[in-house]
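Report on the structure given below.
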Amino acid sequence: MKSSSAIIAATVLATVMSAHAASITKKYSYFSIRGATLEELEKDLIRRGPKVQSTGQRHPGATQMEFETSVNYAESKRYCRVEKATVLVKAKIILPRWRSRRSADRETRIVWDTLSADIKRHEERHVIIAKNHGREMEQALEGMGRAKTCEALEQKGQKVMARILQKHDRAQEKFDRVEGINFEARMLRLLKYRIERIENGRLDGG
């Protein structure tokens with residue numbers, strides 16, 4: 001039997017998995033913001049935040065992801081089958097970095113620390129959603145069965161990958177919608193929790 005491989009890469013914008021999840025690599029980059037008040041910080045986030053292509057707007061954080069899929073085919077005289085499918089999710093997470101912390105009061109620092117942690121959590125969840133769909137793609141490709149030729153099986157695989165990438169995009173959009181709806185309630189809850197930890201001496205409030 002002989003083996004051949006096909007590789008497809010798809011770029012999308014988008015943050016605890018089992019040991020069987022698709023592989024992932026993560027890189028972080030930062031953009032600087034300045035301001036001594038919450039209003040100034042908000043304005044700088046809007047001005048300097050990464051522009052997301054899907055919305056055309058700037059956001060306080062963003063994640064760029066690439067799905068790199070490798071499919072190995074095994075071919076005999078009678079049929080072709082998928083021997084192994086591997087998906088690597090390459091994620092670049094873009095986060096804000098506050099440069100004028102010392103000029104702000106304690107309340108502003110507490111609110112920013114809470115918001116900053118939530119932005120990072122949000123982007124990390126985008127990566128987890130992508131990782132889930134990468135694993136689903138591996139399983140779907142390996143479960144395609146046999147075809148008379150590897151060319152026919154590869155065409156079927158392209159449709160499988162396109163379908164799961166579309167499903168992935170819908171899942172990311174739904175996550176953003178839900179997060180947006182719950183933002184204020186979540187921030188109030190997180191602020192209360194952070195202040196309680198500071199008062200109990202379990203967290204630095206500076």
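Bear in mind the structure is a predicted one, so any value in this text is a computation, not a measurement.
Shortest non-hydrogen contact noted between A91 and T63 is CB-CG2, 4.3 Å. Between Q172 and A130, the shortest heavy-atom distance links the atoms NE2-N, 3.8 Å. The shortest heavy-atom contact between R101 and W112 is NH1-CD1, 4.3 Å. Nearest heavy atom pair, residue S32 against residue R48, reads O-CD, 3.0 Å. When every heavy atom of E75 is checked against every heavy atom of C150, the shortest pair comes out as CB-SG, 3.6 Å. S29 and K92 get closest at one heavy-atom pair: OG-CE, 3.4 Å.
Linking ILVMFWY side-chain heavy atoms closer than 4.5 Å, directly or via other members, places V52 and I46 in two distinct hydrophobic clusters. Two different hydrophobic clusters hold L115 and L188 under the rule that ILVMFWY side chains link at heavy-atom gaps under 4.5 Å. Residues L190 and I110 do not share a hydrophobic cluster, clusters being chains of Ile/Leu/Val/Met/Phe/Trp/Tyr side chains in contact below 4.5 Å. L88 is not connected to V71 by any chain of hydrophobic side-chain contacts under 4.5 Å among Ile, Leu, Val, Met, Phe, Trp and Tyr, and they are in different clusters. Connection of F31 to Y28 is established within a shared hydrophobic cluster, with ILVMFWY side chains joined at heavy-atom distances below 4.5 Å, either directly or through further cluster members.
Atom CD1 of residue I33 and atom NZ of residue K43 lie 14.0 Å apart, to the nearest 0.5 angstrom. Atom CZ of R146 and atom CZ of R81 lie 7.5 Å apart (nearest 0.5 Å). Atom CE of M65 sits about 14.5 Å away from atom NZ of K90, to the nearest 0.5 Å. Here the CD-CG distance, from Q158 to L141, works out to 9.5 Å after rounding to the nearest 0.5 Å. Here the NE2 atom belonging to H133 is positioned 5.0 Å from the NZ atom belonging to K167, to the nearest 0.5 angstrom. The line from CD1 of I164 to OG1 of T69 is 9.0 Å long, rounded to the nearest 0.5 Å.
Heavy-atom neighbours of R47 CZ from other residues, nucleotides or ligands within 6.0 Å: above the threshold of 12. Other residues, nucleotides and ligands contribute at most 12 non-hydrogen atoms within 6.0 Å of the CD atom of E107.
Here the side chain of E179 pairs no donor or acceptor atom with the backbone of F175 at under 3.5 angstrom. Remark: the backbone N or O of M144 is paired with a side-chain donor or acceptor of K156 at under 3.5 angstrom. The closest donor-acceptor contact from the side chain of W98 to the backbone of D113 lies at 3.5 Å or more, if one exists at all. Distance alone, capped at 3.5 Å, is enough to place a donor-acceptor pair between the S100 side chain and the G35 backbone. Of the possible donor and acceptor atoms, none in the side chain of R34 sits under 3.5 Å from a partner among the backbone N and O of D44.
Using a cut-off of 4.0 Å between Lys/Arg side-chain N and Asp/Glu carboxylate O, R135 and E138 are scored as salt-bridged.
For the pair Y30/I94, no side-chain contact is recorded, criterion being any heavy-atom separation below 4.5 Å from C-beta on. A heavy-atom distance below 4.5 Å is found between the side chains of I128 and N132.
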Problem - Step-by-step side chain to side chain contact (heavy atoms under 4.5 Å, CB included) determination, M161 to F67 - result: CA-CA 10 Å; M161 288 186 279; F67 286 76; over 6 Å; no

Begin from the C-alpha positions of L165 and M137 and carry the test side chain to side chain contact (heavy atoms under 4.5 Å, CB included) through to its verdict. CA-CA 9 Å; L165 283 174; M137 190 180 293; 3.9 Å; yes

The test is side chain to side chain donor-acceptor pair (under 3.5 Å); show your working for D176 and H122 and say whether it passes. CA-CA 9 Å; D176 278 334; H122 178 92; 2.9 Å; yes

